[in-house]
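Side chains are part of it too, since the values below use all heavy atoms of this structure and drop only hydrogens, waters and symmetry mates.
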Amino acid sequence: MFRFDALYVDGVREIKSGIKRLLDAKYSDVFPSDKNSKILIKPNLNSNMNALTGNTTDLRVVAAVIEFLKGRGYKDITIGEGTNSGYYRSNISVIERLRYDELGLYYGVGVKDFNYSDTVAVSFERGVKAGVARECQEADFLINMPKLKTHFEAGMTVCLKNLIGCLVGQENKKKVHGALSDNIINLNQGVKPHLHIVDGVIAMEGLGPTRGTPLRSGAIFVGDDPYIVDLMCARFASFPYQKIGPLAVAKRRGLIKDEHLHFVNDFPLERIHRFKPPTAGPLATFIHSPKRQKYFLAIRRTPLFNYLCSTEIVGKLLYLTGLRQDVFIRDEMRWEGLSLKKGKCTDCGICARYCPTEIDLPHELDKAAGMDNEWQQRCIHCLYCFSVCPESAIEFHGTQGFMEEQVRQYGEIIKEMVK
């Protein structure tokens, strides 16, 4: 009756082979027969913090799906996402910072920022109309690829909430918050992905969706029903689904039925984790209470407040008080190459397991300084290898820019987590 599968993987080759085998064996019939069909992949690119922090969809997981699709002969593949409106407002391209643009170039697929798309209207609460990217409605096959992580307003963000990234620009994303959980369900009634692939390889617990703690669970969940997949993710994280806003609304509306719950409870999940809940600070908790949030939203929509939020001083204040999760750093990274500190390298192979394009590190890294070799053509500058090296044997050349904040917040946590 319901289609759902759990996959537990770690390194890039295991991720790619596992996803390809699973899609071939269990989901082959759901893909279009026409190889010229428009295939749209919708990851979660909420911030410029990469997948190793638990923030965004892993490049390795998306690469696996692209390789599967190209192996099946599909010619029209696009990665699309309407990234966090704060970055969009600050003219910062999250797609470029996370190297999804270079992943697209490497595989020869399109990449689209939905913040600049034409819109199609969907209905929200109280008669509000919001605009979703036309690409999401016109795709012949839409693959929803969320990150498994906590969310301090919604409880968790997985398949259902990931569709907020289909909304065009800041003005349309703001409309969701008029009734967050209800509008997430309304959005899912207007945009219907054909397949859901959840990246939980490195998930996030605690104060998500941006300021939580990465958790290496190794899980990838696949299914064609977003309610089943989100319910299963809640069970996996040991979260009562009733405390996850969109799932509670879906149950109230009759979209989640007894057969959904029986299927989820009876499914033999091999692993269960106990994610730390997304507990916000006292000020954020007070303001984001359903009783008071409408007043905050009214202020938030004013031109004066938007202007103040764009200033560095107010931005830092909002971050320190917990009212803003992201740090909008304008300094871009300037990448000049990587090299290996041979005295520090222990040949542990961790860096190679995290490379989305499967460069055989660290030996090929010796040639990085040449800048005109095959290694350079395959490297997409994601810095996964640099981030995970437990001995800090990989040296970055250039200016880290915005990446300095990721290193500050998560550098040591990531190195310890991947050992």
Side-chain angles (χ1 to χ4, degrees), residues 2-7 9 15-46 51 56-83 95 98 100 103-104 106-114 117 132-148 157-167 187-188 190-201 219-230 232-233 356:
F2 297 114
R3 237 193 268 232
F4 176 84
D5 290 276
L7 184 67
V9 289
I15 290 170
K16 289 183 177 181
S17 62
I19 288 177
K20 291 174 191 176
R21 277 198 311 270
L22 178 60
L23 294 181
D24 239 350
K26 299 265 188 95
Y27 295 87
S28 189
D29 61 312
V30 305
F31 289 90
S33 57
D34 183 359
K35 302 305 180 185
N36 293 310
S37 298
K38 294 179 181 178
I39 311 291
L40 179 61
I41 297 170
K42 163 58 178 82
N44 182 306
L45 309 183
N46 173 65
T56 50
T57 305
D58 200 313
L59 288 162
R60 297 172 297 168
V61 179
V62 175
V65 173
I66 293 172
E67 289 184 13
F68 168 81
L69 292 169
K70 291 181 77 71
R72 294 286 295 267
Y74 293 105
K75 301 177 179 64
D76 190 348
I77 304 167
T78 300
I79 303 167
E81 164 71 317
T83 57
I95 286 173
L98 293 178
Y100 267 85
L103 187 78
Y106 179 80
Y107 282 109
V109 303
V111 179
K112 175 68 176 181
D113 186 339
F114 293 155
S117 291
V132 300
R134 185 171 294 279
E135 290 86 352
C136 297
Q137 301 291 45
E138 295 183 348
D140 297 307
F141 196 83
L142 173 55
I143 306 174
N144 188 19
M145 296 191 65
K147 189 74 167 182
L148 173 58
T157 166
V158 202
C159 299
L160 295 168
K161 190 176 181 303
N162 194 44
L163 293 194
I164 288 180
C166 295
L167 292 163
L187 184 55
N188 277 265
V191 179
K192 294 184 179 294
H194 301 83
L195 189 64
H196 306 270
I197 303 175
V198 178
D199 166 29
V201 179
I220 293 174
F221 299 126
V222 181
D224 57 5
D225 185 308
Y227 303 110
I228 287 290
V229 179
D230 278 21
M232 204 72 76
C233 288

CA sep, side-chain torsions, deciding dist, call: Lys42, Phe114, side-chain contact (heavy atoms from CB on, under 4.5 Å): CA-CA 10 Å; Lys42 163 58 178 82; Phe114 293 155; 4.3 Å; yes

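- Side-chain contact between Ile197 and Ile220: present, with at least one pair of heavy atoms (C-beta onward) separated by less than 4.5 Å.
- Considering only heavy atoms from C-beta on, Leu142 comes within 4.5 Å of Val191 through its side chain.
- Taking the side chain as every heavy atom from C-beta outward, Ile41 and Leu69 approach each other to under 4.5 Å.
- For the pair Arg72/Asp24, a side-chain contact is recorded, criterion being any heavy-atom separation below 4.5 Å from C-beta on.
- With hydrogens and angles disregarded, a donor-acceptor distance shorter than 3.5 Å links the side chain of Thr57 to the backbone of Met145.
- A donor-acceptor pair is defined here as one N or O able to donate and one able to accept, closer than 3.5 Å; no such pair exists between the side chain of Glu67 and the backbone of Ser17.
- Under the 4.5 Å side-chain criterion, counting only non-hydrogen atoms from C-beta, Met232 is not in contact with Val198.
- Aromatic ring orientation, His194 versus Phe141: parallel (interplanar angle below 30°, classes split at 30° and 60°).
- Counting all heavy atoms, side chain and backbone alike, Lys112 lies closest to Ser117 at CE-OG, 3.2 Å.
- A donor-acceptor pair under 3.5 Å links the side-chain atoms of Lys70 to the main chain of Tyr107, judged by distance alone.
- Considering every non-hydrogen atom in both Gly223 and Val229, the closest pair reads CA-CG2, 3.8 Å.
- Of the candidates Asp225, Val222, Asp224, Asp224 is the only one forming a side-chain contact (heavy atoms from CB on, under 4.5 Å) with Arg3.
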Candidate pair Phe31 and Phe68, rule ring pair (Phe, Tyr, Trp, His ring centres under 6.0 Å), full reasoning: CA-CA 11 Å; Phe31 289 90; Phe68 168 81; 5.2 Å; yes

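- The closest side-chain heavy-atom distance from Pro43 to Asp199 is not below 4.5 Å.
- Residues forming a side-chain contact (heavy atoms from CB on, under 4.5 Å) with Ala139 (at least two apart in sequence, or on another chain): Leu40.
- Taking OG1 of Thr56 as the start and CG of Leu98 as the end, the distance is 5.0 Å to the nearest 0.5 Å.
- Residues that satisfy the salt bridge (charged side-chain N to carboxylate O under 4.0 Å, His left out) test with Arg21, not counting sequence neighbours, are absent from this structure.
- Counting only heavy atoms from C-beta outward, the side chains of Val109 and Tyr74 never approach each other to under 4.5 Å.
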Tyr227/Leu160 under side-chain contact (heavy atoms from CB on, under 4.5 Å): CA gap, chis, key distance, verdict: CA-CA 8 Å; Tyr227 303 110; Leu160 295 168; 3.8 Å; yes

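- Around NZ of Lys38, the count of heavy atoms belonging to other residues, nucleotides or ligands within 6.0 Å does not exceed 12.
- Applying the salt bridge (charged side-chain N to carboxylate O under 4.0 Å, His left out) test to Asp140 and every residue at least two apart in sequence or in another chain returns nothing.
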side-chain contact (heavy atoms from CB on, under 4.5 Å) assessment of Phe221 paired with Val158: CA-CA 10 Å; Phe221 299 126; Val158 202; over 6 Å; no

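- A donor-acceptor pair under 3.5 Å is absent between the side-chain atoms of Thr83 and the main chain of Asn46, judged by distance alone.
- Heavy atoms only, all atoms of each residue included: Val111 and Gly104 are closest at CG2-CA, 3.9 Å.
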Derivation and outcome, side-chain contact (heavy atoms from CB on, under 4.5 Å), residues Asn36 and Lys75: CA-CA 6 Å; Asn36 293 310; Lys75 301 177 179 64; 3.7 Å; yes

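- Sparse packing is recorded around NZ of Lys26, with 12 or fewer heavy atoms of other residues, nucleotides or ligands lying under 6.0 Å away.
- When all heavy atoms are compared, the tightest approach of Pro356 to Lys16 is O-NZ, 2.8 Å.
- You'll find the side chain of Ile79 reaches within 4.5 Å of the side chain of Ile66, heavy atoms only.
- Panel note: side chain Asp230, backbone Cys159; a donor-acceptor pair is recorded below 3.5 Å.
- Among Asn162, Asn44, Leu195, the one residue that satisfies the side-chain contact (heavy atoms from CB on, under 4.5 Å) test with Asn144 is Asn162.
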